[in-house]
Amino acid sequence: MNKEEFITAVDVVSKEKSISKDTIFEAIELALASAYKKNFDSKTNVRVDIDRQTGEIKVFSVITVVDEISEEDEEKDYKIILKDAQKIVKGIKVGETIEEEVTPKDFGRVAASTAKQVVTQKIREAERNSIMSEFEGKQDELLIGLASREDAQNYYIDLGRAHGILSKRELIPGEKIEMGSSIKVYVTKIEDTGKGPLILLSRTHYGFVKRLLELEIPELEEGIVKLYSVARDAGSRSKVAVYSD
């Protein structure tokens, strides 16, 4: 991947996945700093700069000016004593830094591989956040999905961009589900696991009846009649209390 292709790839990912280009570039710069230390056995603190227009990548060593350095200091390789620093940069003060470009000639190979990994990671994060955003307001709602998979304890319901888990204990007694069939489910819990949303479903929850009634009875949907309470013995009977102003 050359520099033009790199910039184009960032532009495409930014637009398609709604991730700001600065977020992508900053993540790549941090990853490249780590890659530099790992691949070039560097103990120096480094900063990576990517030109947002040309895609040119530069690596700079960053040394902080201090009053003194102890042998026990774990960051001593990142520091320089003031009197030595002033020999390099006149008038420099404690707390300021000295930067020197240390970009290796063959850094492009490492950069391309690292950039690809970071962009892939950002795409996954964006997709996960997008799915969470789509489903986070669906808790306590009625959804329609397709039964796509089954194991010993659960059915897995395809809800579009995510799958929900319908425990067999949450089925109406005697109910059997055919794979590929459409099914109404009530969302009891949505949780961000870091890998995507965990969506727990039920067909026995009292909220299932409540949402079905709201869906089927216009007076409930319009608010003329309001559901006060629902009690349910799934598969046997339900009691519903309503009131109206």
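Here the structure is a predicted model, which means the values were calculated and not measured.
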Legend entry - Shortest non-hydrogen separation from Ile157 to Ala147 and the atoms involved: CD1-CA, 3.9 Å
Legend entry - Ile144 side chain reached by Ser182 side chain, heavy atoms, under 4.5 Å: yes
Legend entry - Criterion side chain to side chain contact (heavy atoms under 4.5 Å, CB included) on Val13 and Ile123, from CA distance to verdict: CA-CA 7 Å; Val13 170; Ile123 290 173; 3.8 Å; yes
Legend entry - Student check: side-chain heavy atoms of Lys21 and Asp11 closer than 4.5 Å: yes
Inset, instruction - Name the orientation class of the two ring planes belonging to Tyr243 and Tyr228 (parallel below 30°, tilted from 30 to 60°, perpendicular beyond 60°). - result: perpendicular
Inset, instruction - Please answer whether the main-chain N or O of Leu200 pairs with a side-chain N or O of Thr188 as donor and acceptor at a distance below 3.5 Å. - result: yes
Inset, instruction - Tell me whether Leu215 is reachable from Leu227 by hopping between hydrophobic residues (I, L, V, M, F, W, Y) whose side-chain heavy atoms are closer than 4.5 Å. - result: no
Counting only pairs under 3.5 Å, give me each side-chain donor-acceptor contact of residues 166-179, with atom names and distances, residues two or more places apart or in other chains.
residue, atom, partner, partner atom, Å
Ser167, OG, Arg169, N, 3.1
Lys168, NZ, Glu150, OE2, 2.7
Lys168, NZ, Asp151, O, 2.8
Glu170, OE1, Ser202, OG, 2.6
Glu170, OE1, Thr204, OG1, 2.9
Glu175, OE1, Ile172, N, 3.1
Glu175, OE1, Arg203, NE, 3.1
Glu175, OE2, Arg203, NE, 2.8
Glu175, OE2, Arg203, NH2, 2.6

Legend entry - pair Met132-Ile190: side-chain heavy atoms closer than 4.5 Å: yes
Legend entry - Interatomic distance, Ile63 atom CD1 to Tyr78 atom OH [nearest 0.5 angstrom]: 9.5 Å
Legend entry - Expected output: side-chain Arg237 to main-chain Arg232 donor-acceptor under 3.5 Å: no
Legend entry - Working for side chain to side chain contact (heavy atoms under 4.5 Å, CB included), residues Ile57 and Leu32: CA-CA 9 Å; Ile57 298 172; Leu32 288 177; 4.0 Å; yes
Legend entry - Chi angles and distances behind the side chain to side chain contact (heavy atoms under 4.5 Å, CB included) call for Phe60, Lys58: CA-CA 7 Å; Phe60 298 89; Lys58 292 184 179 181; 3.7 Å; yes
Inset, instruction - Check the pair Asp245, Lys226 against salt bridge (charged side-chain N to carboxylate O under 4.0 Å, His left out), reporting the backbone distance first and the verdict last. - result: CA-CA 9 Å; Asp245 294 331; Lys226 299 179 182 179; 3.8 Å; yes
Legend entry - Pairing of Glu127 and Arg124 as salt bridge, 4.0 angstrom limit: no
Legend entry - Shortest non-hydrogen contact between Leu82 and Ile92, atoms and distance: CD1-O, 3.4 Å
Legend entry - Side-chain donor or acceptor of Thr193 paired with backbone N/O of Leu198 under 3.5 Å: no
Legend entry - Greater than 12 external heavy atoms within 6.0 Å of Tyr206's OH: no
Legend entry - Lys87 NZ to Ile80 CD1 distance, which is reported to the nearest 0.5 Å: 9.0 Å
Legend entry - Value rounded to 0.5 Å, distance of CD1 in Ile28 from NZ in Lys116: 13.0 Å
Inset, instruction - Not counting sequence neighbours, which residues clear side chain to side chain contact (heavy atoms under 4.5 Å, CB included) with Gln117? List them please. - result: Ser113
Inset, instruction - Please check if atom CD in Glu4 has more than 12 non-hydrogen atoms from other residues, nucleotides or ligands closer than 6.0 Å. - result: no
Inset, instruction - For the pair Gln86 (side chain) and Lys83 (backbone), establish whether a donor and an acceptor sit closer than 3.5 Å, ignoring hydrogens and angles. - result: no
Inset, instruction - Give the minimum heavy-atom separation between Ala115 and Phe6, together with the two atoms involved. - result: CB-CE1, 3.9 Å
Inset, instruction - Taking all non-hydrogen atoms of both residues into account, name the closest pair between Leu159 and Gly145 and its distance. - result: CD2-CA, 4.0 Å
Inset, instruction - Hey, could you give me the NZ/CG distance between Lys37 and Asn45, rounded to the nearest 0.5 Å? - result: 5.0 Å
Legend entry - same_hphob_cluster(Val62, Val65) at 4.5 Å side-chain heavy-atom cutoff: no
Legend entry - Spatial distance of atom CD (Glu219) from atom CD (Glu214) [nearest 0.5 Å]: 13.0 Å
Legend entry - Residue pair Lys210 / Tyr186, side-chain heavy-atom distance below 4.5 Å: no
Legend entry - Over 12 non-hydrogen atoms of neighbours within 6.0 angstrom of CD in Glu100: no
Legend entry - Residue pairs, two or more places apart or on separate chains, that pass side chain to side chain donor-acceptor pair (under 3.5 Å) and touch residues 129-139: Ser130-Arg161, Glu134-Arg161
Legend entry - Heavy-atom side-chain contact between Asp67 and Ile81 under 4.5 Å: no
Legend entry - Nearest non-hydrogen partners of Thr103 and Val59, listed with the distance: OG1-N, 2.7 Å
Legend entry - N/O donor-acceptor pair under 3.5 Å between Thr114 side chain and Val110 backbone: yes
Inset, instruction - Kindly say whether Gln53 contributes a backbone atom to a donor-acceptor pair with the side chain of Asp51 at under 3.5 angstrom? - result: yes
Inset, instruction - Kindly say whether the aromatic ring centers of Tyr156 and His163 come within a distance under 6.0 Å. - result: no
Inset, instruction - Indicate, with yes or no, if Ile7 and Val12 share a hydrophobic cluster defined by side-chain heavy-atom contacts under 4.5 Å among Ile, Leu, Val, Met, Phe, Trp and Tyr. - result: no
Legend entry - Inter-residue atom distance Glu26.CD - Thr23.OG1, 0.5 Å rounding: 6.0 Å
Legend entry - Verdict with reasoning, Lys189 to Ile199, per side chain to side chain contact (heavy atoms under 4.5 Å, CB included): CA-CA 6 Å; Lys189 182 178 182 181; Ile199 306 174; over 6 Å; no
Inset, instruction - Of all the heavy-atom pairs spanning Pro197 and Ile131, show the shortest one and how long it is. - result: CG-CG2, 3.5 Å
Legend entry - Flag side-chain contact, heavy atom, 4.5 Å: Ile24 against Val118: no
Inset, instruction - Go through Arg52 and Glu29 one step at a time and tell me if the salt bridge (charged side-chain N to carboxylate O under 4.0 Å, His left out) criterion holds. - result: CA-CA 11 Å; Arg52 273 46 170 173; Glu29 287 169 345; 2.5 Å; yes
Legend entry - Stepwise salt bridge (charged side-chain N to carboxylate O under 4.0 Å, His left out) test for Glu96 and Lys93: CA-CA 6 Å; Glu96 295 181 342; Lys93 300 176 182 178; 5.8 Å; no
